[in-house]
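The shown structure was predicted, so the numbers you read here are calculated from the model rather than taken from an experiment. All ligand and atom numbering here is 1-based and tracks the order in the structure.
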Amino acid sequence: MSVLVVGSIGLDTVKTQIEEHADLLGGSASYASVGASFFTDVNLVGIVGDDFPKPHMEFLGNRGIDLEGLEMVEGNTFRWSGEYHWDMNIRETRSIALNVFEHFNPTLPASYHDTEFVLLANIAPKLQSHVLDQMCRPKFIIADTMDLWINIAKDDLLALLKRVDMLILNDGEARQLTGETSLIKAGSHIRKLGPRFVAVKKGEHGCLLFGENDFFSCAAYPLEDIHDPTGAGDTFAGGLAGYLASLNHNGPITFNKLRKAVVYGSVLASFNVEAFSLERLRTLTPQDIEQRYESFKLMSKIEVLE
Ligand code: AMP
C-alpha cells in the first residue's frame, strides 16, 4: 500500500554551535517522504518555486517518490532558518519566508485520491484538512503539527483532529495543546480530541505511544554524534507511516503494529540526525535499517527477573 505525504518542501539554513550550512534541502514533506520511501511507494503533494534546485527534484524522483502532486510555480521556494543551542533539544527559528506557500491550495491528481495511507506532515491545519477533503476513505490518517499552529490556528487544528487516526507531536506541543504538565495525562487528553492513537516525541529521550488501553515507551537510539536534528520528527513520521503501509493489512491497524512502526520511525530518525539536511538518508540502505532495528531491539529488552 502507498502513502500520500503532504507538507512543506523548502530550502533551510541551519546553524549548530559547531557548523552552519545554507540553502539545504528541507521541509517537513521532504524528510517525511524520503523516510517513507525506504518502506513503500510515496505520492508527494507540495509546492516549490522555480528557484528550487533541479538536483533536489532528481533526488526525490530517484528515491521512487511520485512527483505528479508536486507543483512548481513562478516565485521563491519556502525558506526556513534555525539555530540550535548546545543542548540540541533547544532550537530558535531565525527566519521564515512562506514565499510560494502563501497561496498554496493543493489539488490532488486523480490518481492520488484513493491512496490508502495519508501522512499530513507539518503545514497549516487548514491545508491538511483541504487535502483530506479530496481523499476517498483512506485506511489510516496520520497528522503532525507544531507549536505555531497551536498558537495561531487552534480551532482549525481541533477540527482536523476529529478526522485523523493518529497525531504526532512533541512533548512541549502536547503540553501546550492540553494545558497538562504530565505527558501521560496529555496523551489521554489528546485521544479525547479525536485521534485513536497519539505519539508524543521527546527528542533525544524517545517517544511515548498512546492507544485506547495501551501504552508504549520507546527510547531513542543512543548516538555519540548528532550533527543536525532538523527533520528528525518528520523522518520519524515518514518511517512510521511507510513501515505501516508496507504491512499486509487484512484487519485493522493494531497497537502492536504501531509499536513496531514507532521503533522503525525512531531508527530512521536516528540516521537522519547523523548529518545535515537529508545527507545521511542519501546513502542509507535497507540493510543499515535492519541492523540498527535489531540492535535497538536488543538494547531495549527488559529481562524479567525471577
Ligand atoms: P522539524 O525539525 O521536524 O521540526 O522540521 C524541520 C523542518 O520543518 C525544516 O526543514 C523546515 O523547513 C520545516 N518548517 C519549519 N517551519 C515550518 C512551518 N511553519 N511550516 C512548515 N514547515 C516548516
*H56: partners by ring-ring contact (aromatic ring centres under 6.0 Å, His included), with sequence neighbours left out*: F52
_Test of understanding: with side-chain hydrogen bond (donor to acceptor under 3.5 Å, both in side chains), list the residues that count as partners of Q287, not counting sequence neighbours._
T285
*Which is it for E173 and M146 under the side chain to side chain contact (heavy atoms under 4.5 Å, CB included) test, yes or no, and what are the steps along the way?*
CA-CA 7 Å; E173 291 155 359; M146 73 185 294; 3.8 Å; yes
*asked:* Measuring only between side-chain heavy atoms, which start at C-beta, is E71 closer than 4.5 Å to F104?
replied: yes
*Any pair with a residue in residues 174-194 that passes salt bridge (Lys or Arg N to Asp or Glu O under 4.0 Å), sequence neighbours left out, goes on the list, sorted by first then second residue, please.*
none
*Report all protein residues having a heavy-atom distance below 4.0 Å to some atom of ligand 1; order the list by chain, then number.*
S8, D12, G26, G27, Y31, F78, W80, R91, I96, N122, M146, L148, W149, T230, G231, G233, D234
_Checking side-chain polar atoms at under 3.5 Å, does D228 have a donor or acceptor matched by the opposite partner on T230?_
yes
